[in-house]
Asker: 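Below is the structure I would like to discuss, written out as structure tokens.
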Amino acid sequence: MVAETFRTLFRDVHESLRKQVRGLDHGTLNWRPLPKANSIAVLVTHTLGSQREMIRAVRSLPSERDRDSEFRAEADAARLLEMIDESDRHMDELLAAVTPADLTEMRPRGDRPHRPGVEWLISNYGHSREHIAQIDLTKQLYDSRT
């Protein structure tokens, strides 16, 4: 039940990402409002990378992530949509296998303090929603340029 709820929540996040990306050109997706700000392509890439690492940590599976490269990402809408579809499949597969122990036992994630798996899921869902809001703001800033 809990894992299915998270599958639904992360699928909703992915559908929001699709709506944000669909129909945008390369320039819009890769534009940065400020030199140290993130583009939409970076935010999508980073969000999906974070989710992948998180669910693998919850399942006690190894994860190789180049977080720094996520912040240099450039992509067109087709590639970002492919990445979202891949993430749906990955999340579905791993969440379908979540056990009660995965949710309650302490899990390491990189160099961060150990947390129960359910806490990682909740935290990462919130993180993902924050980036959707950032994407929306970036689109507003792009459309407001003079």
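The figures here come from the full heavy-atom set of this structure, side chains too, leaving out hydrogens, waters and symmetry mates.
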Asker: Could you walk me through whether E119 and R107 pass side chain to side chain contact (heavy atoms under 4.5 Å, CB included), step by step?
Answerer: CA-CA 10 Å; E119 191 173 324; R107 298 289 193 231; over 6 Å; no
Asker: Atom OH of Y142 and atom CG of D25: how far apart are they, to the nearest 0.5 Å?
Answerer: 5.0 Å
Asker: Any side-chain heavy atom of R7 within less than 4.5 Å of one from M91?
Answerer: no
Asker: Please confirm whether the backbone N or O of N124 pairs with a side-chain atom of S128, one donor and one acceptor, at under 3.5 Å?
Answerer: yes
Asker: F10 and side-chain contact (heavy atoms from CB on, under 4.5 Å): which partner among I55, D92, L121?
Answerer: L121
Asker: Quick one: does R56's side chain have a donor or acceptor within less than 3.5 Å of a partner on L61's backbone?
Answerer: no
Asker: Find out whether V44 and L29 are in side-chain contact, i.e. whether some heavy atom of one side chain is under 4.5 Å from a heavy atom of the other.
Answerer: no
Asker: Between R18 and D85, is a side chain to side chain contact (heavy atoms under 4.5 Å, CB included) present by the stated rule, with each step listed?
Answerer: CA-CA 9 Å; R18 284 183 188 93; D85 291 344; 2.8 Å; yes
Asker: Within the 4.5 Å heavy-atom criterion, are R145 and L141 side-chain neighbours or not?
Answerer: no
Asker: Within this structure, what is the CZ-CD1 distance for the pair R79 and I84, rounded to the nearest 0.5 Å?
Answerer: 10.5 Å
Asker: Think R109 forms a cation-pi with W120, using NZ or CZ under 6.0 Å from the six-ring centre and within 45 degrees of its axis?
Answerer: yes
Asker: Between R65 and E70, is the side chain to side chain contact (heavy atoms under 4.5 Å, CB included) condition met? List the steps.
Answerer: CA-CA 9 Å; R65 179 181 181 201; E70 295 169 8; 2.8 Å; yes
Asker: Rounded to the nearest 0.5 Å, what separation is found between the CG atom of L95 and the CZ atom of R11?
Answerer: 10.5 Å
Asker: What are the two closest non-hydrogen atoms of A41 and A75, and how far apart are they?
Answerer: CB-N, 3.9 Å
Asker: Just wondering, do L48 and L17 contact through their side chains at under 4.5 Å, heavy atoms?
Answerer: yes
Asker: Return yes if some donor-acceptor pair links the side-chain N/O of R129 with the main-chain N/O of Y125 below 3.5 Å, else return no.
Answerer: no
Asker: Has T138 got a side-chain atom pairing as donor or acceptor with Q134's backbone, closer than 3.5 angstrom?
Answerer: yes
Asker: Step by step, work out the side chain to side chain donor-acceptor pair (under 3.5 Å) result for D88 and H14.
Answerer: CA-CA 7 Å; D88 265 348; H14 294 169; 2.5 Å; yes
Asker: Around atom CD of Q140, are there more than 12 heavy atoms of other residues, nucleotides or ligands at under 6.0 Å?
Answerer: yes
Asker: I'd like to check V13 versus I132 (side-chain heavy atoms, cut-off strictly below 4.5 Å). Are they in contact?
Answerer: yes
Asker: Is it possible for you to say whether I135 and L137 belong to one hydrophobic cluster, with membership spreading through side-chain heavy-atom contacts below 4.5 Å?
Answerer: no
Asker: Please confirm whether the backbone N or O of M1 pairs with a side-chain atom of T5, one donor and one acceptor, at under 3.5 Å?
Answerer: yes
Asker: If you define the side chain from C-beta out and look only at heavy atoms, does anything of S123 sit under 4.5 Å from M54?
Answerer: no
Asker: Kindly give the heavy-atom pair with the smallest separation between E74 and H26, and that separation in Å.
Answerer: OE1-CE1, 3.7 Å
Asker: For V42 and R32: C-alpha separation, side-chain torsions, deciding distance, then whether side chain to side chain contact (heavy atoms under 4.5 Å, CB included) applies.
Answerer: CA-CA 9 Å; V42 163; R32 295 174 184 259; 3.5 Å; yes
Asker: If the plane angle is over 60° it's perpendicular, under 30° parallel, otherwise tilted; pick one for H46 and H127.
Answerer: perpendicular
Asker: When you compare the side chain of W31 with that of T28, does any pair of heavy atoms fall below 4.5 Å?
Answerer: no
Asker: Only one of N38, T47, I40, D136 forms a side-chain contact (heavy atoms from CB on, under 4.5 Å) with H131, so which one is it?
Answerer: T47
Asker: I need the minimum non-hydrogen distance between A73 and S39, along with the two atoms involved.
Answerer: O-OG, 4.3 Å
Asker: Between S60 and D102, do the side chains contain a donor N or O and an acceptor N or O under 3.5 Å apart?
Answerer: no
Asker: Quick one: does L80's side chain get under 4.5 Å of T45's, heavy atoms only?
Answerer: yes
Asker: Please give me the minimum heavy-atom distance between P116 and L103, naming the atom from each residue.
Answerer: CB-O, 3.7 Å
